[in-house]
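Let me begin by presenting the structure, written as structure tokens, before commenting on it.
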Amino acid sequence: MIKLTCVLLGLLSCPAWAAHAPHTQPEVRVGIVLFDGVQIIDFAGPYEVFGAAGFGVVTLSHDGNPVTTAMGLTVTPDAGFADAPPFDVLLVPGGDVHEAERDPQVLSFVRERAAGSRHVLSVCTGAFVLAGAGLLDGLEATTFTPRIDEFARRYPSVDVVKDVRWADSGRIVTSAGLSSGLDAALHIVARAQGAERAQSVAMHLEYDWKPDGGFVRSRMADRYVPRSLEAAVDWPEDLVMNKDISIGDEQQWRMRFDVTSATPADDLLQRIATGMDGASGWSRDPRANRWISQQEGRRVALLLETTPGSSVQDYQLELRVHAEED
């Protein structure tokens, strides 16, 4: 019994289990498209999932040359588009996709290889690349929460879903931002090898995978902040505003910004208040910088405050949102 236990412990800790071992003829082969500005977790997270599941993974750039990620990491792909091997799963990660979604080489490769793949997966803003290639027309799809409204506006033929970690439209799966790529990759593993295998991979990665629920970023209470506010405010030309914190849950949210401007705090509040007063569906409490709105069957309150800083030109601006069921 002791000998058997030692053997089992040895198997669980051996390098072949702890890391992705090479597969000469893997059951499932994955091709990951890389480009300058790609987000690291968008491709590295799914790579880890697929590798742990025993899939063969190859990384690709249009010319096979190294790419620089959004965080400045240099990554050398395995191959270029011209000599890319065959694969069963096409993965398009996100990040700064401004160039990638307009690059004829990228779009042509994605379009061509998507046609022959069993599964196509985008992570985060990678959905913009799939949509740019015309692959999401008439399908449900999702993307990175801060850009989901832009996505819906720019690609009206896509049925955009806002409150999920990933959207399964059959052969094509799109995930929301960053860590949700892990969930979508596990979903692909479940479709290819079964739910128990996917759960086993998640346990090995010490990842709390919830295929039927879990955290969904787009459901958080900051979704109630009017999107028109940024454009509606007459911001000072010298304004420098850096986000300090942005935290909360589905009922409440709090944002705090470090502000530097020759415009005093009270004047900045008045400029923002004027913008809020013009926001559709919001009514102001005359006693404070507080507004009320009815959204999704909830009574939503938005409050603005400033806190003095080290000088008249340096202070903090705080925005709080609270939502209650009617």
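As a basis for the values below, the full set of heavy atoms in this structure was taken, side chains included, without hydrogen atoms, waters or symmetry mates.
- Applying the side chain to side chain donor-acceptor pair (under 3.5 Å) test to D285 and every residue at least two apart in sequence or in another chain returns R287.
- Listed by chain and residue number, D149 satisfy the salt bridge (charged side-chain N to carboxylate O under 4.0 Å, His left out) test with R227 (two or more places apart in sequence, or in another chain).
- Chaining together hydrophobic side chains whose heavy atoms lie under 4.5 Å apart places L178 alongside I41, F144.
- For S169, there are no side chain to side chain donor-acceptor pair (under 3.5 Å) partners, not counting sequence neighbours.
- When the side chain to side chain donor-acceptor pair (under 3.5 Å) test is applied to H119, no partner is found at least two apart in sequence or on another chain.
- Residues satisfying the side-chain contact (heavy atoms from CB on, under 4.5 Å) criterion with M241, sequence neighbours excluded, are W235, L239, F257, V259, L317.
- For R271, the salt bridge (charged side-chain N to carboxylate O under 4.0 Å, His left out) test picks out D234, with sequence neighbours left out.
- Pairs of residues two or more places apart, or lying in two chains, that qualify as salt bridge (charged side-chain N to carboxylate O under 4.0 Å, His left out) and include a residue from residues 88-99 are R29-D88, D88-R118.
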Step-by-step side-chain hydrogen bond (donor to acceptor under 3.5 Å, both in side chains) determination, S261 to D238:
CA-CA 6 Å; S261 175; D238 68 338; 2.9 Å; yes
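- In terms of the side chain to side chain donor-acceptor pair (under 3.5 Å) criterion, residue partners of S311 (sequence neighbours excluded) are, by chain and number, D314.
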For residues 123-131, tabulate all N or O donor-acceptor pairs below 3.5 Å that involve a side-chain atom, not counting sequence neighbours.
residue: T125; atom: OG1; partner: G95; partner atom: N; Å: 2.9
residue: T125; atom: OG1; partner: G95; partner atom: O; Å: 2.9

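- Side-chain N or O atoms of R298 include none that pairs as donor or acceptor with a backbone N or O of Q294 at under 3.5 Å.
- Residues A133 and V110 share a closest heavy-atom pair of CB-CG1, 4.4 Å.
- Remark: side-chain polar atoms of R197 are paired, donor with acceptor, to backbone N or O of A53 under 3.5 angstrom.
- In this structure, a donor-acceptor pair under 3.5 Å is absent between the side chains of S246 and R256.
- Listed here is the closest heavy atom pair of N65 and S61: O-OG, 3.0 Å.
- Under a cut-off of 6.0 angstrom, the local environment of CD in E237 is sparse, with at most 12 non-hydrogen atoms contributed by other residues, nucleotides or ligands.
- Through ILVMFWY side-chain contacts below 4.5 Å, V216 is grouped with nothing and stands alone.
- In this structure, I247 belongs to a hydrophobic cluster whose other members, linked by side-chain heavy atoms under 4.5 Å apart, are I245.
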